[in-house]
Participant: 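Just passing along the structure, written as structure tokens.
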Amino acid sequence: MAGEAGVLKVIESVLRFPADRRLILGPGDDCAVVRHAPGRELVITTDELVEGTHYLGRFASPENLAGKLMRVNLSDLAAMGAVRPVACLAGAGLCRDTPPVFFSRFIRELKREALRFGISVAGGNLARARENHFYMTVWGEASRCGLVKRRGAAAGDLLLSVGPLGEAAAGLEILKRGSRAEAGKFPGLVRAFWRPRPMLEEGRRISRGRLATGMLDNSDGLFSSARQLAALARCRVILSPGEGACSPALRAYCAGKKKDWRSYAISGGEDYGLVFSARPEDLSKIKNALPRVLVVGRFERGRGAEAENLDGKVKSFEHF
Ligand SMILES: [Mg+2]
């Protein structure tokens with residue numbers, strides 16, 4: 001299999017440790033889960049930001065890099081359900097020409113962000129590198145029964161989303177064009193790219209109500225997220241986001257650019273909301289727990305993913 005999916009398949013087939021009873025959940029989900037103490041499993045994830053891959057140096061401040069690094073990692077904890085974040089380790093590879101003040105600003109913002117989310121930065125690593133990159137490992141505690149895995153959807157389930165859709169992709173476009181006027185006109189879209197809100201409270205509510213059959217955080221776009229849930233569940237997923245999926249800011253941006261908001265909402269990555277499958281009979285409970293939740297599709301028998309009303313114009317982002 002080609003592409004990112006092929007690489008992930010190799011990782012998942014090689015990194016198997018069936019004899020290790022302490023490993024509760026290995027590669028393939030949003031986080032790893034390791035036995036820690038009774039009723040308190042350790043939930044761990046890691047992620048990084050690479051210059052040239054995830055952002056461009058010309059539009060990245062150290063504060064925004066620190067904020068995004070913290071938030072994309074915490075988002076993976078949120079995607080596991082009821083997880084209490086505890087602490088993180090952070091590191092950086094820095095080019096020779098990166099001024100020392102860049103790193104001290106990064107570190108200061110990292111601390112502010114840690115305090116904002118109630119955790120500590122417990123250590124890290126620093127090295128010279130050919131391109132700037134920033135990485136983090138974050139962990140939290142959870143009880144095993146409070147965890148929500150990716151796998152679990154069934155034919156007949158609904159596809160739901162909570163959090164922004166397509167806003168970060170629009171924000172990244174604005175940043176790449178480098179127009180201050182445009183960035184000033186759409187501050188919410190730019191913020192959606194740099195400061196996604198980890199949906200820890202929403203993850204907690206979904207877990208407590210046992211509202212999701214499968215869940216992940218939306219890092220590579222709704223189409224890609226839905227396709228992953230469907231593949232794990234051996235189902236087919238049909239995406240059909242309604243007008244409510246488009247925020248007023250994205251609507252205004254798309255109107256100005258004469259673009260279809262659906263292509264941002266479906267293909268745009270880095271939104272970091274939660275995408276999950278759920279039984280249709282739980283929908284009213286879900287709406288009570290998460291007033292801003294959206295039904296964005298459904299699971300059927302079969303395989304693959306499709307988006308309605310898009311004339312086959314669906315694209316989704318791959319890293320490899
Ligand atoms: Mg994730």
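Read the numbers this way: they start at 1 and go in the same order the structure lists the ligands and their atoms.
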Participant: Taking V121 as the starting point, is it possible to reach V43 by hopping between hydrophobic residues whose side chains are less than 4.5 Å apart?
Facilitator: yes

Participant: Output every pair passing ring-ring contact (aromatic ring centres under 6.0 Å, His included) with a member in residues 169-195, not counting sequence neighbours, ordered by first then second residue.
Facilitator: F186-Y253

Participant: How about the Mg ion (ligand 1), which protein N, O or S atoms come within less than 2.8 Å?
Facilitator: D30 OD1, D76 OD1, D217 OD1

Participant: Taking side-chain hydrogen bond (donor to acceptor under 3.5 Å, both in side chains) as the cut-off, I'd like each qualifying pair that reaches into residues 284-293, sequence neighbours left out, listed once.
Facilitator: none

Participant: Return each pair, listed once, that meets ring-ring contact (aromatic ring centres under 6.0 Å, His included) where at least one residue sits in residues 105-125; pairs must be two or more places apart or across chains.
Facilitator: F103-F106, F106-F134

Participant: Distance check, rounded to the nearest 0.5 Å: R150 atom CZ versus D217 atom CG?
Facilitator: 7.0 Å

Participant: Can you tell whether the side chains of E109 and R112 come within less than 4.0 Å, N to carboxylate O?
Facilitator: yes

